[in-house]
Amino acid sequence: MATETKPLNFATQAVHAGAAPDPATGARIQPIYFTNGFVFDSTEQAADIFAMRRTGFSYSRGSNPTVAALERRVAALEGAKSAVAVASGQSALLLVLMTLMQSGDAYVASSRLFGGSLGLMNRLSGRYDLKPQFTKGQSPADFEAQITPETKAIVCESIVNPCAMVMDLEGIAAVARRHNLPLVVDNTLASPALIRPIEYGADIVIHSTSKFLGGSGQTIGGIICDAGRFDWKASGDRYNLITGEWPDYPGLNIAERFPDFSFAVACRLFGLRDLGPGLSPMNAFLTLTGIETLPLRMARHCSNAKAVAAFLKDHPAVAWVSYPALPGQEGEALAARYAPDGPGSIFTFAFKGGEQAALKFITSLELVSHLVNIGEIKSLVIHPATTTHRQLPDADKAAALVGPETVRLSIGLENVEDLIADIDQALAKVA
Ligand SMILES: *Cc1c(COP(=O)(O)O)cnc(C)c1O
């Protein structure tokens, strides 16, 4: 008898979604399929897979069973119809932009983004004429103000790297809908445990899985999630990789053949078959393992970060702290609304003593490691103005809230008293 099954809760999906005991061996853990190729049943099957007349594994650049398990799990956690795993967070953004646009097109992008994203956008603008239309401020009206007839998409982060600002996703999604534009949200700093952008109207969600999803700082990876909701065909031939004929795949029209997740299919076909940045099965396996503890880790990341931010805010050497879970902070209401469990554990603060104080603090830390990753189990620190945001012009640095006096912390899962003690001793050396 068929019964209505209640959807599984988030923590259960984090452990189970997309993977099951291996039917061939009974192995409980997702096997790592280290194989480049997959034997075809017949020459007809091989030809059909190559012509996109049927789906199936053929070559691991385009898809692999271990990678597919990761894709199903992240899609489930984000509430997406489908996902495409790629070699890094950078490739995730690159593939999204290249799949949506061609030279001469433009897209509205938040002026507050991860430094690598800003760098990629500026490079693609200069060399390939894919034009970012950066916002002046971060409100939905600021996004709407940049839209022109050339605009093909809107891009923002859910929680901004490095300043921890939480964006008004519902407001920005309403702007996107009004102008028939897909909304792309980089959800790396929130992870689906804190914010699920598709619930607020995002059409495409991307991640650097190198951060919270993997969690342990072992592997680089990225993923693209397709909400499957955007009506590509309503825009005529504006998104012609999705709605048009592919001359080298006779009869293929992705929007017709795969209406529920056309963007993901276009990303896989163009992004992985043509451009090629696939994820290794080993990295997919490690990321999948990391995701199993995501909800537990995020709760501790957030509570530790809040305690550290509160401690810093009251310290006489500190000019300001940007962590919107603290009372009286700019953006407090947006953080409370979109990230009630906490706005993650990556945030910035600034020294009254300027760059010299910031650098002295970083080199005086003992427990907190000076390195460029974020979202790891171990606590990390960096000076963005001379590292992650170094390549940006000063005006872009200012827009991203990254001055010479600014330090970024990524708070890990250590005992919080030990963390505060380490930060306190380093602050004492600055004074
Ligand atoms: C790190 C990061 C990226 C890039 O990801 P990689 O895996 O390092 O390539 C993109 N977006 C955000 C918000 C990030 O923090």
Side-chain angles (χ1 to χ4, degrees), residues 67 70 74 78 83-98 107 109-124 132 138 155-167 169 184-195 197 202 204-225 271 275-280 282-284 286-287 290-291 298 301 305 322 339 343-348 371-376 380-382 384 387-392 396 399-402 408-412:
V67 178
L70 172 67
V74 177
E78 286 289 5
V84 179
V86 294
S88 67
Q90 285 294 112
S91 331
L93 177 61
L94 174 69
L95 265 51
V96 166
L97 296 178
M98 302 280 271
Y107 57 101
S110 164
S111 52
R112 285 194 192 168
L113 293 172
F114 164 64
S117 301
L118 293 170
L120 172 63
M121 288 173 172
N122 286 327
R123 191 98 57 213
L124 289 177
Q138 306 305 317
V155 181
C156 70
E157 292 175 4
S158 51
I159 299 178
V160 175
N161 182 356
C163 70
M165 177 181 187
V166 179
M167 301 294 285
L169 294 178
V184 181
V185 177
D186 183 335
N187 199 32
T188 300
L189 265 69
S191 91
L194 300 180
I195 300 179
I204 298 162
V205 173
I206 59 173
H207 281 278
S208 163
T209 62
S210 324
K211 318 293 171 57
F212 286 123
L213 290 179
S216 298
Q218 297 165 327
T219 56
I220 303 290
I223 200 158
I224 300 161
C225 302
L275 299 178
L279 184 71
S280 150
M282 184 68 201
N283 290 1
L286 290 169
T287 306
I291 290 173
M298 292 315 290
H301 275 299
S322 176
S345 79
I346 292 121
F347 65 91
T348 46
L371 69 84
V372 75
N373 203 26
I374 51 168
E376 289 188 20
L380 313 169
V381 66
I382 197 84
T387 58
T388 54
H389 288 66
R390 177 181 199 99
Q391 274 80 17
L392 297 179
D396 291 6
L401 268 196
V402 172
R408 178 182 77 188
L409 283 169
S410 173
I411 297 300

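Everything numeric here is computed off the predicted structure, so don't read it as measured data. Each ligand, and each atom within it, is numbered from 1 in the order the structure gives.
Residue-ligand proximity, Ile374 to ligand 1, at heavy-atom distances under 4.0 Å covers atoms 15 (O). Interface of Leu189 with ligand 1, defined as ligand atoms under 4.0 Å from a residue heavy atom, comprises 13 (C), 15 (O). For ligand 1, the atoms lying closer than 4.0 Å to a non-hydrogen atom of Glu157 are 13 (C). Applying the 4.0 Å criterion to heavy atoms of Gln90 picks out, from ligand 1, the atoms 4 (C), 5 (O), 6 (P), 9 (O). Close approach of ligand 1 to Ser210 (heavy-atom distance below 4.0 Å) involves ligand atoms 6 (P), 7 (O). Proximity to Asp186 (heavy-atom distance under 4.0 Å) selects the following atoms of ligand 1: 10 (C), 11 (N), 12 (C), 13 (C).
Of all protein heavy atoms, the one closest to atom 6 (P) of ligand 1 is Gly89 N, 3.3 Å. When hydrogens are left out, the protein atom nearest atom 14 (C) of ligand 1 is Lys211 NZ, 3.0 Å; that is the closest non-hydrogen contact.
A side-chain donor-acceptor contact under 3.5 Å links Asn187 to the backbone of Ile195. Gln90 places no side-chain N or O within 3.5 Å of a backbone atom of Leu94 that could act as its donor or acceptor partner. No donor-acceptor distance shorter than 3.5 angstrom exists from the side chain of Ser91 to the backbone of Pro277, with no hydrogens or angles considered. Between the side chain of Ser410 and the backbone N or O of Ile346, no donor-acceptor pair lies under 3.5 Å.
For the residue pair Ser111 and Gln138, a side-chain donor N or O sits within less than 3.5 Å of a side-chain acceptor on the partner. Side-chain atoms of Asn161 and Arg112 form no donor-acceptor pair, as typed in the model, at a separation below 3.5 Å.
Gly221 counts as a contact of ligand 1, since one of its heavy atoms falls under 4.0 Å from the ligand.
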